[in-house]
Amino acid sequence: MTVERVFDELGHFKRFQACLYFAAVFQAIACGIHYLASVFLVDTPNFVCSIPGNITDILYGNVTASSLEDVLPLFKPGNRPLVVRTAEGEQWELSRCRCALRVNPVGFTYDFDGNKTVKACSGSFVYDHSEIYQSIVTDWDLVCDREWLAKLCQPTFMLGVLIGALVFGDIADRVGRVRILMFTSLCQFVLGVSVAFSGNYYFFVVLRFLLATVSSGYLVVVFVYVTEFTGIKVRTWTSMHVHAAFAVGIMVVALTGYLVRVWWIYQIILSTCTSPFLLFCWKFPETPFYLIAKGRYKETQTLLDSIARFNGLECRLKAEELMEPEKSQNGRALLEQGAEQRPPQPEKKLSIMDLFGTWRMAGRTCTVWAIWFIGSLGYYVFSLGSVNLGGNQYINLFLAGAVEIPSYLVGCFAMDKIGRKKTCAPALLLAGVACMLIIVVPGDIEALAIALCMIGKFAIAIAFGLIYLYTCELYPTIIRSLAVGSGSMMCRVGSVVAPFCVYLADVWIYLPQLIVGVLAFIIGVLTMMLPETLGKPLTTTLEEAASLGREPSKKTSALGSKDAEDRLELNQHGAKA
């Protein structure tokens, strides 16, 4: 197939492609927003049990006050409780999930050695509103014996992301990229706003789950879309910088969370900030790769003419020239007859099993999936298992998004200069080495440990950023969305496993780094066996994809020619004899 000729003739990234790209990437910001929105939606502020009666005096160590709101910002969970006195003269010791009534106290002191009547909280709590005025935790009292409900929100969301990545990637290969982009964009807006009016916890979780599926679906398909609409010369940059848009979404979450402390207003603002995309996404055209693969040649010709006209060029390309040579003549005849597509022929139904059609493709798929997995696992282990930065949580989240951008810039330069494989493999190996060095660093040198952690995270981000484009280039058009979707599914498996990996620090503080380091190093070695795709056109059929990396070298060709000459000479001698 020669569909890549479209970009040689009509531009690799001219006005038409640039408008489509920035519009599609703009909506990718919404994906980053919804992925990280729960950071503040389910944030749990300081709280203590509520008691009957009006509180008149409060003691917390050497601190005295008359209002719980004045003391709660200083309250440290796990330390000694707050001591309060009511207008009726009762004295209570308040902690997070229980309270104790002092029996016959003498005076009002912080320390008390007498008898106490300990009670569990009756379901009423007092929250610290200095940082977070209102979250779903404070609205629905998701604390103490209901705390697990708050912790279930993010795993449930990630399960939706996993399902959406697989389902929408497959559907996009069947019905087209544009239909999925429009559907998921509309659903992101509707479901995002609906979450703010959910009313109860269970409705909230269901809506967030559905929101996760469509957000994941958009993110998977938009990578394929921009890849199939930009030429080889700029494909690395356009693909990698979709990640930068996701990082911008993280920064938007931090900024909005800082400015808005009421969760449902916060959710509405986040859901509407990319809504202008809905006004023009219905004008998006289908990609030329998909149209050619489906035999829709007249639509392909119309698209080529539109691109040329918008870019100020003359279109000399004909759709039939972009087909396989043996189909070119047949396609020309169909166009001359005015047919909009080839006569209906039985179309082979493709599934995830086609990623394992041959031993060569099976090995490639397993390695690609492993890169997706370790990219996500390593990112979250480095993030969650690193030294707590402290300080303002909003600034920390903003920096967490901002720090990703330099890794994508470095990754872009490296991918275009030395290739995809030679960038991905060293990045994984570097992450593995950084993990091993963290283990041997003395505990009193915290600065060095933090530096190594940042190096590891930086390296993992490069590998994780380029795997989207690398996957697109390793698989043909007919299963490209499915390949990216299944890879994204493995990525979500990594993100689900990561918290459990971090919990292993209770067994040995460096066990999470050891696991990530060993896996990253092994997968880095396996990555060296993948074919290089730098400068190669996108493949369309499974046969073309399987042949990647099989091109014989000049030396091999020369040896082959020499062998042929030797065989000819031997045959001639045999004939003479």
Side-chain angles (χ1 to χ4, degrees), residues 26-47 69 72-73 125-143 146-147 149-158 160-161 184-216 218-219 245-278 383 391-402:
F26 175 74
Q27 182 64 9
I29 295 174
C31 299
I33 286 172
H34 293 307
Y35 275 47
L36 273 294
S38 62
V39 171
F40 300 125
L41 286 173
V42 300
D43 202 359
T44 303
N46 263 339
F47 67 93
E69 286 74 15
L72 278 177
F125 304 89
V126 179
Y127 296 96
D128 173 24
H129 297 293
S130 60
E131 283 291 331
I132 300 170
Y133 185 76
Q134 188 178 356
S135 71
I136 68 167
V137 173
T138 63
D139 274 11
W140 301 322
D141 289 330
L142 304 181
V143 293
R146 290 167 55 86
E147 182 182 6
L149 293 173
K151 292 184 176 179
L152 189 64
C153 290
Q154 190 63 14
T156 305
F157 185 89
M158 295 310 297
V161 169
T184 53
S185 299
L186 179 62
C187 287
Q188 275 191 95
F189 173 73
V190 174
L191 291 171
V193 174
S194 299
V195 166
F197 300 97
S198 49
N200 66 74
Y201 170 80
Y202 299 102
F203 197 27
F204 172 87
V205 170
V206 170
L207 288 175
R208 286 270 299 167
F209 175 83
L210 297 175
L211 178 61
T213 61
V214 296
S215 295
S216 176
Y218 185 89
L219 195 60
F246 188 91
V248 170
I250 298 175
M251 292 186 276
V252 170
V253 168
L255 182 61
T256 307
Y258 176 76
L259 297 174
V260 181
R261 307 298 174 90
V262 178
W263 75 269
W264 59 272
I265 300 177
Y266 159 87
Q267 178 67 29
I268 291 175
I269 293 174
L270 292 179
S271 300
T272 56
C273 64
T274 59
S275 57
F277 177 80
L278 298 174
S383 299
N392 188 294
Q393 61 180 338
Y394 304 102
I395 294 177
N396 290 345
L397 183 61
F398 186 89
L399 294 176

Is it true that F157 and Y35 have ring centroids separated by less than 6.0 Å?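 So the answer is yes for these two rings.
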
Could you tell me whether a side-chain N or O of T138 sits under 3.5 Å from a main-chain N or O of Q134, the two making a donor and an acceptor? no

N/O donor-acceptor pair under 3.5 Å between S216 side chain and A212 backbone: no

With a 4.5 Å cut-off on side-chain heavy atoms, are [Y] and [X] touching?
X    : Y    : result
I136 : C153 : yes
F209 : F204 : no
F189 : T274 : no
R208 : V195 : yes
I132 : F40  : no
V161 : T213 : no

Starting at [atom1] of [X], measure out to [atom2] of [Y] and round the result to the nearest 0.5 Å.
X    : Y    : atom1 : atom2 : value
L211 : C31  : CG    : SG    : 9.0 Å
L186 : S275 : CG    : OG    : 11.5 Å
Q27  : I33  : CD    : CD1   : 9.0 Å
C273 : I29  : SG    : CD1   : 7.5 Å
R261 : T256 : CZ    : OG1   : 11.5 Å
F197 : Q267 : CZ    : CD    : 10.0 Å

Give me the atom names and distance for the closest heavy-atom approach of [X] to [Y].
X    : Y    : value
Q188 : S215 : OE1-OG, 3.2 Å
Y218 : S185 : CE1-OG, 3.2 Å
I268 : A196 : CG1-CB, 3.5 Å
A28  : L219 : CB-CD1, 4.5 Å

Checking side-chain polar atoms at under 3.5 Å, does W140 have a donor or acceptor matched by the opposite partner on N200?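 The criterion, which ignores hydrogens and geometry beyond distance, is not satisfied for N200 and W140.
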
Working for side chain to side chain contact (heavy atoms under 4.5 Å, CB included), residues W263 and D139: CA-CA 10 Å; W263 75 269; D139 274 11; 2.9 Å; yes

Carefully, step by step, assess V214 and L191 under the rule side chain to side chain contact (heavy atoms under 4.5 Å, CB included). CA-CA 9 Å; V214 296; L191 291 171; 4.1 Å; yes

For L142 and V42, run side chain to side chain contact (heavy atoms under 4.5 Å, CB included): C-alpha distance rounded to whole Å, both residues' side-chain angles, the deciding distance at 0.1 Å, then the answer. CA-CA 9 Å; L142 304 181; V42 300; over 6 Å; no

Give me the ring orientation class for F47 and Y127: parallel if the planes are under 30° apart, tilted from 30 to 60°, perpendicular past 60°. tilted

F125 atom CZ, neighbour heavy-atom count above 12 within 6.0 Å: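 Yes.
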
Does the pair V205 and L152 meet the rule for a side chain to side chain contact (heavy atoms under 4.5 Å, CB included), with working shown? CA-CA 9 Å; V205 170; L152 189 64; 5.9 Å; no

